[in-house]
Protein chains: 2
Amino acid sequence: MRESSVAGIQRGLHGQIVEVMAQRILSGTIPEGATINVPDLQADLGVSLTAVREALKVLTAKGLVDARQKRGTFVRPRTDWNLLDPDMIRWHFSDSDVRPELLEELHEVRGIVEPAAARLAAVRAQDSHLEALDIAMAAMESATDDLAAVAADLAFHRALLAATGNELLTKMEVIMETGLADRDRLVHKVKPSDDPVPSHRRVLEAIRAHDPVAAEQAMKELLAKAAEDLHEVRGA
Amino acid sequence: MRESSVAGIQRGLHGQIVEVMAQRILSGTIPEGATINVPDLQADLGVSLTAVREALKVLTAKGLVDARQKRGTFVRPRTDWNLLDPDMIRWHFSDSDVRPELLEELHEVRGIVEPAAARLAAVRAQDSHLEALDIAMAAMESATDDLAAVAADLAFHRALLAATGNELLTKMEVIMETGLADRDRLVHKVKPSDDPVPSHRRVLEAIRAHDPVAAEQAMKELLAKAAEDLHEVRGA
DNA sequence: TCCTCGTAATTTACGAATTAATATTGACAC
DNA sequence: GTGTCAATATTAATTCGTAAATTACGAGGA
């Protein structure tokens, strides 16, 4: 099973119910506006009322369902779901039915946020942030297998967001990481020879030089290349 | 009390506990890493274990706390909090101790996302989206009091994000709206004569003309003016 | 010094009772 | 005869007190 659940940690029996119910709602098995029959669910899963209840409470917190006395527990309209929640992002992609549209949107957001983040990082990066970027860079250079390469890539982009000094931007790392992991997964299979080091180094050096324009440009180029690779792979 | 809680709806007794605990944690009354004594809390608030438990379950879902058997329930480090959650944003600003830093960061994110959103909207806006923008525009023009003006402003920016056709961007309306509401609250007191219509109309017409460059530029100018106003007011 | 097992403390789960909101039905007025 | 308002019955969420499961820590032995 999933060992390192970085996001919202839901342990125990009811944690499994949360996953199951979330999957059912996100996949559309239980459609928007449908009422959830709690006693039936209780019987189906063979657990107590409290366990189901606590699971639904978590889903309520994420905007997926809404419980009203006497009327029942409903699935809220999709517009009310907290798609920016780390768990929600994870649930979206952990299941078999990957959603191509959401993946596209994810890359689009990445294309908006990361160049701006690079610009801000160039202006405000502290020594500690540069150090983190250097470490990620070194790991990327010395990576031998795919796993290490992807980890280093993730670490770099995480450090970049942190270097902006903006907490809200830093929180968007979940979006960046999912998009990045998707790209890596696809591209590394087809173009294993591709070297991500030069493009990342250009970003890093621009940040170190406190040159916001160059940093933004370098990041745009990095993303353009990533998009190109992705397009190439999709075509094939 | 709060009547229209747009975000995650937590009704009943335990909903109040959620608010109380969230405020205590966000304000730092209960510091990061502190253990929450559940029996004490139960006694303090005079409610049952289940009520407290369900409240903590919601906070767990938002990354605020983590419960481990035998060790207790802890406040998680700030880096794990889901600041992008609508409830979290609301709780941050509903209390007396407004956080100037987070407000600054909010405006920064707005400055990154909204111009890009305007650009995308110019490319992809459907008729229904343009209609929504028109309605907001008309409401802005005919607004007589501050309340109506702010509502129209919010509606416009919400419609703009929706017009991008990107669900993730649309979800960032919470951030945009909070920043916008803050600006309006401050500025309208000092410069009530200020007319927001022309700048918004320029954005709208650029979108209608499907001119992404003009739309992005118009939005940048709108935000620059907003930032200028804010700076002016802060100085005074 | 390291491994194993027992104990204590705390979360987690259960089933019953309570509370609250809605729909239905009846009566009264128009 | 019809429409509106109020009281009541019904239904599902909410809350409660208690029992069970889990796991970290410490003691004892190899």
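Just so we're clear, the structure is a prediction, and the values are computed from it rather than from any experiment.
Side-chain proximity of A67(A) to the nucleotides dT14(D), dT11(C), dC16(D) is greatest for dT14(D). Counting only heavy atoms from C-beta on, V38(B) has its side chain closest to dT11(C) among dT15(D), dT11(C), dA13(C). Distance from the side chain of R71(B) is smallest to dA24(D) among dA13(D), dA24(D), dA13(C). Picking from dG17(D), dT12(C), dT14(D) the nucleotide with the shortest atom distance to the side chain of R11(A) gives dT12(C).
Rounding to whole angstrom units, NE2 of residue H14(B) and P of dT19(C) are separated by 19 Å. As a whole-Å value, the separation of Q69(B) CD from dA8(C) P is 18 Å. If you take CG of D66(A) and P of dA12(D), they are 16 Å apart, rounded to a whole angstrom. As a whole-Å value, the separation of N37(B) CG from dT11(C) C1' is 13 Å. Summarising the geometry, the separation between NZ on K57(A) and P on dT12(C) is reported as 16 Å, rounded to the nearest angstrom. Atom CG of L49(B) and atom P of dT11(C) are 9 Å apart (whole Å). Atom CG of L41(B) is separated from atom C1' of dT11(C) by 15 Å (rounded to the nearest Å). Across the protein-nucleic acid pair, Q16(B) atom CD and dA20(C) atom C1' stand 14 Å apart, rounded to whole Å.
Between the side chains of H157(A) and E114(A), at least one donor-acceptor pair of N or O atoms lies under 3.5 Å.
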- Message: Using side-chain contact (heavy atoms from CB on, under 4.5 Å), reason through K57(B) and Q10(A) one step at a time and then give a plain yes or no.
- Response: CA-CA 8 Å; K57(B) 207 49 90 182; Q10(A) 297 293 343; 3.5 Å; yes

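L13(A) comes within 4.0 angstrom of sugar-phosphate atoms only, judged by non-hydrogen atoms across all strands, and of no base.
For the pair T50(A) and dA13(C), the criterion of a side-chain N or O lying under 4.0 Å from OP1 or OP2 is not met. Residue T73(A) places at least one side-chain N or O closer than 4.0 Å to OP1 or OP2 of dA13(D). R53(B) has a side-chain polar atom (N or O) that falls below the 4.0 Å cut-off from OP1 or OP2 of dT12(C). Put simply, S48(A) has a side-chain N or O that comes within less than 4.0 Å of OP1 or OP2 on dC14(C).
A side-chain donor-acceptor contact under 3.5 Å links N37(B) to the backbone of D40(B).
No more than 12 heavy atoms of other residues, nucleotides or ligands shown are found within 6.0 angstrom of CG on D127(A).
When each of E54(A) and K70(B) is assigned the nucleotide of DNA chain C bearing its nearest heavy atom, the one mapping closer to the 5' terminus is K70(B).
Using a 4.5 Å heavy-atom threshold, the side chains of L133(B) and F156(B) count as touching.
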